[in-house]
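Owing to the predicted nature of the structure, the values given are computational and were not obtained by experimental measurement. The analysis underlying the following values was restricted to heavy atoms, covering all of them including side chains, and did not include hydrogens, waters or symmetry mates.
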Amino acid sequence: MGSAKPTFFNSESVLIIHKIKIDISGGSTVGDYNCSNTFYKRDTIILNLKEKNKINAEIPVINFDCGNKLMTKDLQKTVKSKIFPNSYVSITDIKPYNKNYKCNLTFLITNKVLKYKDFILYKTDNKIQGTINLNFSDIDLHPPVKMAGLIKVKDQIVVDFSLYKN
């Protein structure tokens with residue numbers, strides 16, 4: 001018979017993710033905007049195990065929806081979706097941190113890699129979520145300007161990551 005012991009994990013040490021939602025929001029001279037992309041990705045994260053303690057996701061830029069065709073098209077043009085059709089997010093080394101989680105987050109958008117160490121993911125009943133505040137200029141992009149400068153998108157954007165749990 002062997003001496004291998006089965007491994008059991010309590011429900012507090014396992015996160016089962018079934019859906020990811022990315023929201024990008026910001027402002028312009030004519031109001032605020034919010035573009036989102038939701039996709040289904042099933043993954044299991046085991047908090048006390050190095051090999052299964054990460055989640056990697058490919059984010060199709062073409063699937064972002066801003067609620068308005070023109071705004072969606074502007075977002076896709078701004079982030080150069082024809083050249084960079086996908087963004088990537090990698091969340092690793094996830095650990096309990098008080099009532100939330102701490103992790104390392106790597107976000108690739110266009111050709112820029114943004115790394116965040118000790119990134120906080122806040123826990124709610126059905127999801128864990130984190131927020132990145134950045135500027136278009138941080139990723140070598142220029143905010144859109146329309147109608148000869150009458151409509152200007154502000155440089156600051158907010159990216160919200162939500163990982164939905166079972």
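- In this structure the side chain of Phe161 never reaches within 4.5 angstrom of the side chain of Ile20, judged on heavy atoms.
- Residues Cys103 and Ile91 approach most closely at SG-CG2, 3.5 Å, considering heavy atoms.
- Lys165 approaches Ile17 most closely through the heavy-atom pair CG-CD1, 4.3 Å.
- Under the 3.5 Å distance criterion, the side-chain polar atoms of Asn133 are left unmatched by any main-chain donor or acceptor of Val158.
- Taking NZ of Lys19 as the start and NZ of Lys41 as the end, the distance is 15.5 Å to the nearest 0.5 Å.
- If you chain together hydrophobic residues whose side chains sit under 4.5 Å apart, Val113 and Tyr88 fall into the same group.
- Rounding to the nearest 0.5 Å places OG1 of Thr38 at 11.0 Å from CD1 of Ile59.
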Would Phe107 and Tyr116 satisfy ring pair (Phe, Tyr, Trp, His ring centres under 6.0 Å), going step by step from the backbone distance to the final call? CA-CA 8 Å; Phe107 185 42; Tyr116 300 89; 8.1 Å; no
side-chain contact (heavy atoms from CB on, under 4.5 Å), that's the test. Do Ile94 and Thr92 meet it? Break it down for me. CA-CA 6 Å; Ile94 304 164; Thr92 60; over 6 Å; no
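- Counting only distance, with no hydrogens or angles, the side chain of Asn135 and the backbone of Asp138 share no donor-acceptor pair below 3.5 Å.
- For the atom pair CG of Leu121 and OH of Tyr101, the computed distance is 9.5 Å after rounding to the nearest 0.5 Å.
- Side chain of Asn100 to backbone of Ile120: no donor-acceptor contact under 3.5 angstrom is found.
- Rounded to the nearest 0.5 angstrom, Asn56 CG and Ser90 OG are separated by 4.0 Å.
- Taking 4.5 Å as the limit, some side-chain heavy atom of Ser87 sits within range of a side-chain heavy atom of Ile109.
- Under a cut-off of 6.0 angstrom, the local environment of CZ in Phe39 is crowded, with over 12 non-hydrogen atoms contributed by other residues, nucleotides or ligands.
- Thr106 places no side-chain N or O within 3.5 Å of a backbone atom of Lys115 that could act as its donor or acceptor partner.
- Formation of a donor-acceptor pair under 3.5 Å by the Gln76 side chain with backbone atoms of Ser81 is not found in this model.
- By the 4.5 Å heavy-atom criterion applied to side chains, Tyr164 and Asn126 are counted as neighbours.
- Within the 3.5 Å criterion, the main-chain N or O of Asn53 finds no donor-acceptor partner in the side chain of Asp93.
- Judged by distance alone, the side chain of Asp160 and the main-chain N or O of Ile24 form no donor-acceptor pair under 3.5 Å.
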Show your working on side-chain contact (heavy atoms from CB on, under 4.5 Å) between His18 and Leu163 and close with a plain yes or no. CA-CA 8 Å; His18 69 91; Leu163 308 174; over 6 Å; no
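- Gly27 approaches Asp32 most closely through the heavy-atom pair CA-OD1, 3.6 Å.
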Applying side-chain contact (heavy atoms from CB on, under 4.5 Å) to Leu141 and Thr110, what does each step give before you reach the verdict? CA-CA 9 Å; Leu141 297 176; Thr110 63; 3.9 Å; yes
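- Under the ring pair (Phe, Tyr, Trp, His ring centres under 6.0 Å) criterion, Phe64 pairs with no residue at all, not counting sequence neighbours.
- Considering CD1 of Ile132 and CD1 of Ile22, their distance stands at 8.5 Å, rounded to 0.5 Å.
- A donor-acceptor pair under 3.5 Å is formed between the side chain of Asp65 and the backbone N or O of Gly67.
- A pairwise comparison of heavy atoms in Leu108 and Asn111 identifies CD1-C, 4.1 Å as the closest pair.
- A salt bridge links Lys112 with Asp140: the closest approach of a Lys/Arg side-chain nitrogen to an acidic carboxylate oxygen falls below 4.0 angstrom.
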Does Gln156 form a side chain to side chain donor-acceptor pair (under 3.5 Å) with Lys154? I'd like the steps, not just the answer. CA-CA 6 Å; Gln156 301 85 16; Lys154 295 178 183 173; over 6 Å; no
Could you check Leu114 against Ile139 for side-chain contact (heavy atoms from CB on, under 4.5 Å), going step by step and ending with a plain yes or no? CA-CA 8 Å; Leu114 305 171; Ile139 49 179; 3.8 Å; yes
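- Considering OH of Tyr97 and CZ of Phe119, their distance stands at 13.5 Å, rounded to 0.5 Å.
- Nearest heavy-atom pair, Pro60 versus Asn86, reported as atom, atom and distance to 0.1 Å: CA-OD1, 3.2 Å.
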